[in-house]
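One structure below.
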2 protein chains.
Amino acid sequence: MVPPSPSTSDDKSPRRARARAILEAAEAILVEEGYEALSARAVAERAGVNKALVFYYWGSTAELFERVLERYYARHKDALREAFGQDGSLEERLHRGLDGYLDFMEANQAYARLVQQQVSTGGPHLALVQRHLGELLGATSELLAALTPQGGPLSAKHFHLSLSAAVINYFTYAPVLGEEHWGRDPMSAEALAERRAHLHWMVDAWLRALDATLPQGTRPAPTGGQR
Amino acid sequence: MVPPSPSTSDDKSPRRARARAILEAAEAILVEEGYEALSARAVAERAGVNKALVFYYWGSTAELFERVLERYYARHKDALREAFGQDGSLEERLHRGLDGYLDFMEANQAYARLVQQQVSTGGPHLALVQRHLGELLGATSELLAALTPQGGPLSAKHFHLSLSAAVINYFTYAPVLGEEHWGRDPMSAEALAERRAHLHWMVDAWLRALDATLPQGTRPAPTGGQR
DNA sequence: ACGCGCTTTGACCGATCGGTTAATACCCTG
DNA sequence: CAGGGTATTAACCGATCGGTCAAAGCGCGT
């Protein structure tokens with residue numbers, strides 16, 4: 001027996017190939033059938049491999065799932081970094097960041113479901129999700145610091161939560177509403193473009209309202225409530 | 001053996017008492033431990049009752065869950081109806097509706113988790129959730145018809161989705177972020193009040209931006225995109 | 001006291017789960 | 001060819017799940 005060592009990423013090639021095949025099978029199942037369909041047996045069958053190999057290479061199904069989820073988070077952060085990193089005014093970068101976010105979500109529709117599912121079930125992988133959610137919140141809060149007060153109802157974290165909610169929940173709720181309630185297939189290119197326009201409009205509305213609400217150009221730091 | 005008939009609500013009292021006790025036990029488990037902890041055995045144990053009685057009175061655990069969920073939906077709709085039904089300008093009623101929504105969510109924090117969990121897992125009760133989500137969407141869309149265009153990115157359904165996302169996801173995501181990432185206990189009275197203020201501010205920002213975007217007082221009906 | 005119908009019980013079923021293990025196949029090196 | 005580490009396999013384990021069932025308890029009218 002050998003130390004499973006699924007973490008080190010540069011092993012001998014045949015070993016890594018098998019391990020990767022199993023990981024890919026797991027991701028495919030998550031994408032197509034969701035979290036509850038992810039069983040060691042299902043993964044093994046999909047990868048064309050004996051069930052025991054799943055444990056041999058990955059130790060447990062939980063580990064396997066977390067690796068898939070971490071790949072998603074890594075890709076997500078890359079996408080945001082790239083979209084945000086361009087030059088331009090903060091407003092422009094904000095809109096570009098939103099576009100990058102949406103591009104990523106459109107391309108990885110399972111991601112929203114998986115995260116939201118862990119969050120809403122208090123699943124066994126909450127700690128991992130919590131860590132990444134915290135990182136994302138911290139990063140955007142830093143970027144918005146120039147626009148919003150540091151505390152109170154107009155602080156960056158509220159906008160982060162509201163915007164990401166409006167993004168994520170489209171991908172989780174709209175498909176459930178479906179064509180009959182939403183009016184058309186929510187995942188069609190036209191519907192996605194319409195949603196994108198809505199979110200950009202919303203961001204603009206926020207920016208304008210922030211300008212109107214906060215007196216001078218830079219942020220004051222009110223702690224008290226609004227309204 | 002007798003027809004289980006869990007639906008009829010006015011039976012003999014001893015029978016209903018037992019059935020209710022089981023239902024309450026199920027709800028308690030859902031509130032305290034979540035959906036995956038809802039097993040026939042757990043319910044029976046909690047209700048102090050033989051496991052077979054769960055099936056005798058409710059037919060299946062699925063039925064039991066749906067009854068609990070439907071009670072939540074009924075209460076939710078009552079709360080919204082009452083909050084919206086007051087007189088006043090549409091804007092005032094909108095803010096009151098938001099307050100009613102938030103009051104309800106604060107008082108029933110399990111509700112958001114249960115719904116979101118069904119949505120994000122594609123759970124076995126999606127059909128029920130879909131029906132109620134559709135009803136809620138239809139109702140608010142009707143109310144907003146006077147303020148928003150009938151189609152496109154500023155149509156009522158987009159605002160419904162964005163607002164409910166911003167409300168619901170606070171109750172599902174903020175607790176996961178926790179005190180360490182959110183800055184203080186997100187479910188404390190002060191944090192809840194701050195979130196409430198944020199959402200009211202957001203609605204106001206939307207209303208002002210809608211006024212600025214749409215030329216005359218009443219709605220035009222553009223179909224095309226924005227931005 | 002009897003019987004009848006509703007209620008309650010514990011034992012049981014088959015399926016599925018994650019995970020283990022001991023035996024075997026494979027392959028490369030000496 | 002021999003040996004040793006790696007990879008792979010089938011069989012097995014205990015736990016849990018939803019659900020069923022036949023028997024037993026029980027209350028009540030006759």
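Every heavy atom of this structure was used, including side-chain atoms; hydrogens, water molecules and symmetry mates were not. In what follows, chains are A, B, ... by sequence order, proteins preceding strands, each numbered from 1. Since we're looking at a predicted model, the values are computed, not measured.
- If you take OH of B/Tyr56 and C1' of D/dA23, they are 15 Å apart, rounded to a whole angstrom.
- Taking atom CG of A/Asn50 as the reference point, atom C1' of D/dA10 lies 7 Å away to the nearest angstrom.
- Taking only side-chain nitrogens and oxygens, B/Arg18 comes nearer than 4.0 Å to OP1 or OP2 of C/dT8.
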> Stepwise, does the side-chain contact (heavy atoms from CB on, under 4.5 Å) test hold for A/Leu163 with A/Tyr101?
Replying inline: CA-CA 11 Å; A/Leu163 182 59; A/Tyr101 195 4; 5.6 Å; no
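- In this model, the phosphate group of C/dG19 is approached by a side-chain N or O of A/Thr61 to a distance below 4.0 Å at OP1 or OP2.
- The ring pair (Phe, Tyr, Trp, His ring centres under 6.0 Å) check on A/His181 picks up nothing, with sequence neighbours excluded.
- Looking at B/Asp99 and B/His200, their side chains come closer than 4.5 Å, going by heavy atoms from C-beta outward.
- Taking atom OH of residue A/Tyr57 and atom C1' of nucleotide D/dT9, one finds them 13 Å apart after rounding to whole Å.
- In this structure, A/Lys51 places its NZ atom 10 Å from P of C/dC17, rounding to the nearest Å.
- Where the helix from C/dA1-D/dT30 to C/dG30-D/dC1 starts and where it ends, the local axes point in directions that differ by 30°; five pairs per end, rounded to 10°.
- Summary of the strand contacts: A/Val49 and B/Ala62 both lie near DNA chain D, and taking for each the nucleotide with the nearest heavy atom, the more 5' one is attributed to A/Val49.
- Applying the salt bridge (charged side-chain N to carboxylate O under 4.0 Å, His left out) test to pairs two or more places apart or on separate chains, those with a residue in residues 109-134 of chain B are B/Glu70-B/Arg131.
- For the pair A/Leu53 CG and D/dT6 P, the interatomic distance rounds to 15 Å; values are reported in whole Å.
- Among residues two or more places apart in sequence or in another chain, the side chain to side chain contact (heavy atoms under 4.5 Å, CB included) test is passed with B/Ala112 by B/Met105, B/Ile168, B/Phe171, B/Thr172.
- If you measure from atom CD1 of A/Ile22 to atom C1' of D/dA7, you get 11 Å, rounded to the nearest angstrom.
- The ring pair (Phe, Tyr, Trp, His ring centres under 6.0 Å) check on A/Tyr111 picks up A/Tyr72, A/Tyr73, A/His76, A/Phe104, with sequence neighbours excluded.
- Partners of A/Tyr35 under the side chain to side chain contact (heavy atoms under 4.5 Å, CB included) rule, at least two apart in sequence or in another chain, are A/Leu30, A/Phe65, A/Leu114, A/Gln117, A/Gln118, A/Pro124, A/His125.
- Looking at residues two or more places apart in sequence or on another chain, you find a side chain to side chain contact (heavy atoms under 4.5 Å, CB included) between B/Asp78 and B/Arg81.
- We find that CZ of A/Phe55 is positioned 15 Å from P of D/dT9, with the value rounded to whole Å.
- Residues of residues 33-46 of chain A that place a heavy atom closer than 4.0 Å to DNA chain D do not occur.
- Residues passing the ring pair (Phe, Tyr, Trp, His ring centres under 6.0 Å) test with A/His160, sequence neighbours excluded: none.
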